[in-house]
Structures are given as structure tokens and as C-alpha cells.
> 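Can you read through this structure? Questions will come right after.
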Amino acid sequence: MSNEVPLWEVFIRPRNGLAHKHVGSLHATDEVMALQAARDVYTRRGEGNSIWVVPSVAITASDPDQAAENFEPTGDKIYRHPTFYEIPEEVGHM
Amino acid sequence: MYSQGLIGSDTSSEETPEFLAAFQKRIDAEEKVEPNDPMPSGYRRTLVRQIGQHAHSEIVGMLPEGNWITRAPTLRRKAALLAKVQDEGGHGLYLYSAAETLGVTRKQMTEELLEGRAKYSSIFNYPTLSWADMGTIGWLVDGAAIMNQIPLCRCSFGPYARAMIRVCKEESFHQRQGYEIVMKLAQGTPAQREMAQDSLNRWWWPSIMMFGPHDSDSQHSDQNMEWKIKRFSNDELRQKFIDATVPQAEYLGLTLPDPDLKWNEDKGGYDHGKIDWDEFWAVVKGHGPMARDRIRDRRKAWEDGAWVREAALAHAEKRQARKVAAE
């Protein structure tokens with residue numbers, strides 16, 4: 001039996017209509033206890049109405065060393081933004 | 001309290017000057033550092049130590065107040081104290097999680113605390129002798145913690161800063177409920193007044209010691225300021241705390257136990273008397289009146305809870321095995 005209690009990431013939806021947002025993490029032996037602990041630790045003051053818990057090991061993250069090649073090219077692609085295109089005033093709001 | 005986490009911190013790093021300069025440039029641009037980003041080893045080590053000690057302080061800090069839960073004078077007070085102690089447990093958890101993002105495990109940190117290798121804030125090695133201490137701790141100890149923690153919300157390390165924002169939101173309730181307790185006593189019978197004054201007499205000096213040694217005596221402070229782990233010096237924070245607290249004590253008609261405390265028009269703040277640093281260092285090194293009890297109580301809680309942890313793990317494994325068998 002391994003002695004390390006698994007780590008879980010906690011996501012909370014503040015209210016209906018909003019997405020679940022990462023709020024922190026905690027250790028718990030299974031998903032039932034993870035949910036109970038998340039409720040006790042992260043929702044003591046009306047922080048939300050729905051909780052997701054996800055085993056931390058299940059998350060695949062992008063490599064920070066590749067951040068430049070992943071995300072910098074978008075900076076050059078200004079034609080992806082509406083302001084790149086010139087529409088005459090008289091056409092009105094578009 | 002938590003500037004004490006930097007006492008004796010080793011900020012030396014092995015990286016190249018180019019690496020360190022590039023890192024400093026990011027810090028100067030107020031870019032947050034996230035767990036997987038490259039960072040100097042000294043930065044990582046300093047944060048693991050500070051966040052770990054901060055977490056331990058929250059957990060050990062539950063003990064002096066837990067001492068009075070069953071003896072709270074009314075149900076209202078008991079509910080508030082229970083909620084506060086529960087908050088402290090939560091704060092410990094946020095902080096352990098933030099430290100874990102740097103590669104240290106919860107288990108390692110727990111072991112360090114239980115084996116007496118990790119420190120926690122000196123303030124929790126003082127005893128809580130009367131109900132008035134519940135008020136004074138909320139007012140002064142949580143008040144001093146807020147002074148320290150608000151700038152930590154802008155700490156350069158993202159997970160620590162985020163944990164601090166959450167903590168600070170909750171801390172204000174702690175201070176207000178404490179001040180209310182002291183206020184009730186201060187406006188009560190002569191005996192209650194006396195109890196409030198006695199408590200203030202005992203907690204004032206330890207509270208202002210929470211900010212750590214004078215700037216002139218604190219090593220490594222410059223590096224931690226440069227890395228924006230810390231935003232204000234110990235003396236700056238202590239001054240802010242004293243300036244905020246003096247009028248609060250005056251309102252209560254209580255006397256702060258420092259005959260040299262007086263308004264200094266030129267600096268626009270209060271001057272205070274000499275702090276007993278021998279006492280401070282003795283308590284930091286583990287000679288505080290309650291130091292042995294605190295670690296003994298934490299060990300007992302850990303050992304008494306062992307069967308719960310084992311049962312929960314065994315149950316989880318059994319459920320998992322059943323799930324696999326059913327597939």
C-alpha cells in the first residue's frame with residue numbers, strides 16, 4: 001500500500017452561467033473524500049454551487065520551455081482580429 | 001508573522017549570471033513566476049522554506065485557540081471561534097498546496113514539522129491563559145498577520161500570491177471578531193476590564209516581534225526584496241501595525257504596555273520602546289513556554305489520525321479493485 005495520499009485539483013463554479021474555475025488542490029484517498037474535502041476547504045463562504053475534482057496526475061500541461069513556439073506566433077497574426085479590416089464609417093457598426 | 005519564514009534563508013544560487021539576470025528582468029517587469037518556469041535554486045529554496053513555515057504556522061496556530069473552544073462564554077462566540085480555527089486549517093492547506101507546486105511533498109513538510117526540524121511563527125509558543133486571549137489574538141496576532149500577508153498577495157510566485165489572496169479575504173473576519181471580544185470585556189465589569197488589560201500586556205510585545213528582527217539585523221532581506229518575495233521590510237510593516245493599533249487601543253481605553261510609545265510628529269508615526277530580542281530569539285529557537293506542548297500535540301493528532309488515513313486508503317483501494325473487476 002502506497003503511503004502517499006493522491007493530489008486532486010479543485011474547480012468551482014461560482015454560479016450558474018459561469019465556467020468552473022481552478023481554485024486550488026488538496027490530498028484525498030478517493031473522489032468521494034476529495035469532493036467532501038473540497039466542499040469543506042474551498043466553499044466556506046458561498047464561493048460556488050458546483051465542484052469538480054480531478055486527479056492531478058490526469059492533467060497534461062504544455063511545456064513552459066515551448067511557450068514561445070506555442071504562443072508567440074499568434075502575436076504576428078493581427079489579421080485574426082476585427083480591427084485589422086477597414087470598413088467605411090457610413091456602413092455603420094459591424 | 002511570516003517574515004520569520006525568511007530568517008536564515010539561503011538565497012545563494014548556482015545558476016549563471018545570464019540566467020539570474022534574465023530571471024531578475026522578469027521579476028522587475030512584475031511577471032509572475034509559475035511552478036514549472038525556470039527559477040534560481042535559491043529562489044525555489046527560499047520559497048519552499050517560507051511557504052512551508054507559513055503553512056506550519058497556520059496549523060500550529062489552531063492549537064492555542066482550540067484550547068478555548070469548549071470554554072467559549074456563549075454559543076455566538078463558540079461558533080465564531082470554531083469557524084476561525086477551521087479557517088486556519090484551510091489556510092494551512094492552501095499554503096501546503098502552494099509549496100507542493102515547487103516539488104516538496106506534503107508528507108515531507110509534515111515530517112519536518114513533527115520532527116521539530118521546521119519552524120513556525122514564534123507567537124504560537126505563548127500560552128492562552130484566559131478567554132480574553134481569544135480576543136487579543138484575533139485583534140493583534142491576526143492583525144499583524146494581515147499586515148504581513150497583504151503585500152504577499154503581490155508576491156512574485158503565482159501560487160503563493162493566489163493562496164494569500166484567499167487567506168486575506170478570510171482574515172478580516174478573524175481580526176474583527178477578536179476586537180469585538182476585547183471591546184466587550186473592556187466595556188464590562190472591572191474584573192473583565194482587568195482581564196482584557198492583562199491579556200494585552202502579555203500579547204503586545206510578542207505581537208510586534210512577529211515582524212521579525214530589525215532591518216539592520218536581518219540577513220538576506222535584500223535578495224528577497226529584489227526577488228519580490230517580500231515587498232516591505234520588517235520595520236516598515238511593524239511601524240504600520242503599531243500606527244494602526246494605537247488608536248484602536250485608545251478607543252478601548254486600554255494601555256499598551258510600552259512606556260516609551262509616543263507619537264513622533266516628524267516621521268508621522270509612533271516611536272516604540274526597545275524590543276527584547278533575547279526573548280524573541282529564544283522563542284524562535286524553540287524555548288518558548290509552549291514549544292514542547294505544540295509539537296507534542298501535533299504529533300499526537302498525527303498519530304491518532306493514522307488509522308483514519310490507513311482506512312481511507314484501504315477503502316479507496318478496495319473500491320478501485322472492485323471497479324476494475326466489474327469492467
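Both backbone and side-chain heavy atoms feed into the values below; hydrogens, waters and symmetry mates do not. Every chain is numbered from 1 and lettered A, B, ... according to where its sequence line falls, protein lines coming before strand lines. Because the structure is a prediction, the values reported are computed rather than measured.
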> Any side-chain heavy atom of His27(A) within less than 4.5 Å of one from Glu100(B)?
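The answer is yes, as the side chains (C-beta and beyond) meet within the 4.5 Å cut-off.
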> Does any heavy atom of chain A fall under 4.5 Å from the side chain of Arg162(B), the backbone, both, or neither of them?
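Neither part.
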> Apply side chain to side chain contact (heavy atoms under 4.5 Å, CB included) to Lys107(B) and Val5(A), showing your working.
CA-CA 9 Å; Lys107(B) 202 161 165 252; Val5(A) 177; over 6 Å; no
> Among His91(B), Glu34(B), Glu170(B), Lys169(B), which residue has the highest count of heavy-atom pairs closer than 4.5 Å to chain A?
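Of His91(B), Glu34(B), Glu170(B), Lys169(B), Glu170(B) has the most heavy-atom pairs under 4.5 Å with chain A.
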> Looking only at atom types and distance, does a side-chain atom of Tyr94(B) sit under 3.5 Å from a main-chain N or O of Tyr42(A), one as donor and one as acceptor?
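Judged by distance alone, no pair lies under 3.5 Å.
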> Taking atom CZ of Arg15(A) as the centre, report whether more than 12 heavy atoms of other residues, nucleotides or ligands fall under 6.0 Å from it.
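Check fails, neighbour count at 12 or below.
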> Taking everything shown except Arg176(B) itself, do over 12 heavy atoms lie less than 6.0 Å from its CZ?
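For Arg176(B), atom CZ is not crowded (no more than 12 foreign heavy atoms under 6.0 Å).
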> Is it the case that more than 12 heavy atoms not belonging to Arg39(A) sit under 6.0 Å from its CZ atom?
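For Arg39(A), atom CZ is not crowded (no more than 12 foreign heavy atoms under 6.0 Å).
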> Can you tell me which portion of Thr105(B) sits under 4.5 Å from chain A's heavy atoms? Options are side chain, backbone, both or neither.
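The side chain, not the backbone.
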> Under 6.0 Å from the CZ atom of Arg44(A), do we count more than 12 heavy atoms belonging to anything else shown?
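Above 12, so yes.
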> Going by the side-chain contact (heavy atoms from CB on, under 4.5 Å) test, name the single residue among Lys318(B), His315(B), Gln320(B) that passes it with Asp30(A).
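With Asp30(A) as partner, Lys318(B), His315(B), Gln320(B) yield a single side-chain contact (heavy atoms from CB on, under 4.5 Å), made by His315(B).
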> Are any of the side-chain nitrogens in Arg319(B) or Glu31(A) under 4.0 Å away from the carboxylate oxygens of its partner?
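The answer is yes: the pair qualifies as a salt bridge.
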> Stepwise, does the side chain to side chain contact (heavy atoms under 4.5 Å, CB included) test hold for Val41(A) with Gln86(B)?
CA-CA 9 Å; Val41(A) 174; Gln86(B) 191 192 8; over 6 Å; no
> Should we say atom NZ of Lys77(A) is surrounded by more than 12 heavy atoms from elsewhere, each under 6.0 Å from it?
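Atom NZ in Lys77(A) is crowded, with more than 12 foreign heavy atoms closer than 6.0 Å.
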> For the backbone of Leu26(A) and the side chain of Ser97(B), can you confirm whether one donor and one acceptor N or O come within less than 3.5 Å of each other?
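No, Ser97(B) side chain to Leu26(A) backbone: no donor-acceptor pair under 3.5 Å.
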